[in-house]
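Naming convention: chains lettered A, B, ... in sequence-line order (proteins, then strands); numbering from 1 in each chain.
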2 protein chains.
Amino acid sequence: MKLESLRDLFEESIQDLYSAETQIIDAMPKIVARVTDSRLKQALESHVLETQAQKERLEEICEKLDIDPDGKFCRATEGLVKEANELLSEDAAPAVLDAGIIASVQKIEHYEIAGYGTARVFAMHLGETEVQKLLEESLQEEKQADVKLTVIAEGTVNEKAEGAS
Amino acid sequence: MKLESLRDLFEESIQDLYSAETQIIDAMPKIVARVTDSRLKQALESHVLETQAQKERLEEICEKLDIDPDGKFCRATEGLVKEANELLSEDAAPAVLDAGIIASVQKIEHYEIAGYGTARVFAMHLGETEVQKLLEESLQEEKQADVKLTVIAEGTVNEKAEGAS
């Protein structure tokens, strides 16, 4: 049986997050390249570095718990990235595209918030305290990145988009 | 130009949510049918009714603002549903499957939390106060549904999953 225990489900959730982070790291440069607002560009560039660190945390977890990191392909992130790419392919005013990019990236972040939130609780149940702390770090980073994007959207980007037409 | 203004982006975000809700309504019965825990089954059944009401709210918005609700197919929800179906196809202990279903549904809810959160802010910028209120209602329902699932996971399901093997 593939999912016989909570540990099996936990391992799958780590593999899912690893696939998600890998796909996000691949997708972000193309997204960031299309951003016009300098504060947004900077925020996304620093989030890409955080994403890299989150991926490394997952590698650390996989090594510690003897999990194959490449055991799963995350279909949900595939869909989220497809949606972001669809947006980039549309004919859009730069300020409106910035607002759309924030929306797309926040959706990706929310996927990770849900994923890390669940994996952290599973780690707690399994008594994996160190792993739980690593997952908690990534969870907090994702939540902060989400808030930061809302602040940027509300501070400048949405107003610029409103005045675009 | 397809996305010339914030209003264009707002309309697209409503169409995206409409496609998301439609796909979720189609996917949920198959998911609910596989649930073992009675409290979880009840919570998901009542959330399906909420989802139906959320779809109707979007129809109301589309009618009010003359938006074609079927203008977009939500690739992200397609991916989220694919992932949930992948879980259902795995050979799993019933209690572990319950814990996995909670994780999958929370990911779907987080997509909607991000989506309704953004659409509500766009509506506010556009001075669409009534529409903003409708979106706020759905947003709050999604947040409450997410909390409810965490409570069920932590109350019984995760412990049952832990004892499954």
Side-chain angles (χ1 to χ4, degrees), chain A residues 1-10 12-13 16 72 74-87 90-93 95-97 99-100 102-104 106-115 117-119 121-122 124-126 146 150 153-154 158-165, chain B residues 1-10 12-13 16 72 74-87 90-93 95-97 99-100 102-104 106-115 117-119 121-122 124-126 146 150 153-154 158-165:
Chain A
M1 191 180 279
K2 200 180 169 200
L3 296 178
E4 200 176 344
S5 66
L6 190 68
R7 185 165 288 272
D8 297 333
L9 188 63
F10 168 70
E12 207 176 84
S13 73
D16 184 79
K72 192 175 187 288
C74 178
R75 293 277 164 214
T77 301
E78 184 189 37
L80 287 157
V81 167
K82 263 190 205 166
E83 189 163 282
N85 283 331
E86 259 181 24
L87 172 73
E90 283 179 32
D91 189 13
V96 177
L97 185 63
I102 291 181
S104 285
Q106 284 190 311
K107 282 168 176 173
I108 293 172
E109 279 165 3
H110 267 274
Y111 181 80
E112 293 183 276
I113 289 169
T118 300
V121 170
F122 289 168
M124 186 195 72
H125 272 276
L126 297 166
D146 181 56
T150 298
E154 282 304 273
N158 287 343
E159 246 172 65
K160 279 198 233 169
E162 214 183 329
S165 60
Chain B
M1 191 180 278
K2 200 181 167 199
L3 296 177
E4 200 176 344
S5 67
L6 189 68
R7 184 165 288 271
D8 295 333
L9 188 63
F10 168 71
E12 205 175 86
S13 74
D16 184 78
K72 192 175 187 289
C74 178
R75 294 277 165 215
T77 302
E78 184 188 38
L80 287 157
V81 167
K82 263 189 205 167
E83 188 163 283
N85 283 331
E86 258 181 25
L87 172 74
E90 283 179 32
D91 188 14
V96 177
L97 186 63
I102 290 181
S104 286
Q106 285 191 309
K107 283 169 176 173
I108 294 172
E109 279 164 3
H110 268 274
Y111 181 80
E112 294 183 275
I113 288 169
T118 300
V121 170
F122 290 168
M124 185 195 71
H125 273 275
L126 297 166
D146 180 57
T150 298
E154 282 304 273
N158 287 343
E159 244 171 66
K160 279 198 235 169
E162 214 181 331
S165 60

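Taking each heavy atom of A:M1 and B:A92 in turn, the nearest pair found is SD-C, 3.6 Å. Nearest heavy atoms, B:A76 versus A:E83: N-OE1, 3.5 Å. Nearest heavy-atom pair across B:L9 and A:A99 is CD2-CB, 3.6 Å.
With a 4.5 angstrom heavy-atom cutoff, A:F10 does not touch chain B via any of its atoms. For B:D146, no part lies near chain A; criterion is any non-hydrogen pair under 4.5 Å. Contact annotation for A:D16: only side-chain heavy atoms (C-beta onward) come within less than 4.5 Å of a heavy atom of chain B. A:Q106 touches chain B through backbone and side chain together, each having a heavy atom under 4.5 Å away. Interface residue A:E86: only side-chain heavy atoms are found under 4.5 Å from chain B. Neither the backbone nor the side chain of B:E112 comes within contact range of chain A, judged by heavy atoms closer than 4.5 Å.
Per-residue counts of heavy-atom pairs under 4.5 Å with chain B were compared for A:E159, A:E154, A:K72, A:E78; the largest is that of A:E154. For chain A, the option among B:K82, B:M124, B:K107 with the highest count of heavy-atom pairs below 4.5 Å is B:K107. Highest contact tally toward chain B, considering only A:L80, A:T118, A:N158, is held by A:N158 [criterion: heavy-atom pairs under 4.5 Å].
B:E162 contributes atom CD, which lies 6.0 Å from atom NE2 of A:H125 (distance to the nearest 0.5 angstrom). Note that CD of A:E109 is 12.5 Å distant from NE2 of B:H110, once rounded to the nearest 0.5 Å.
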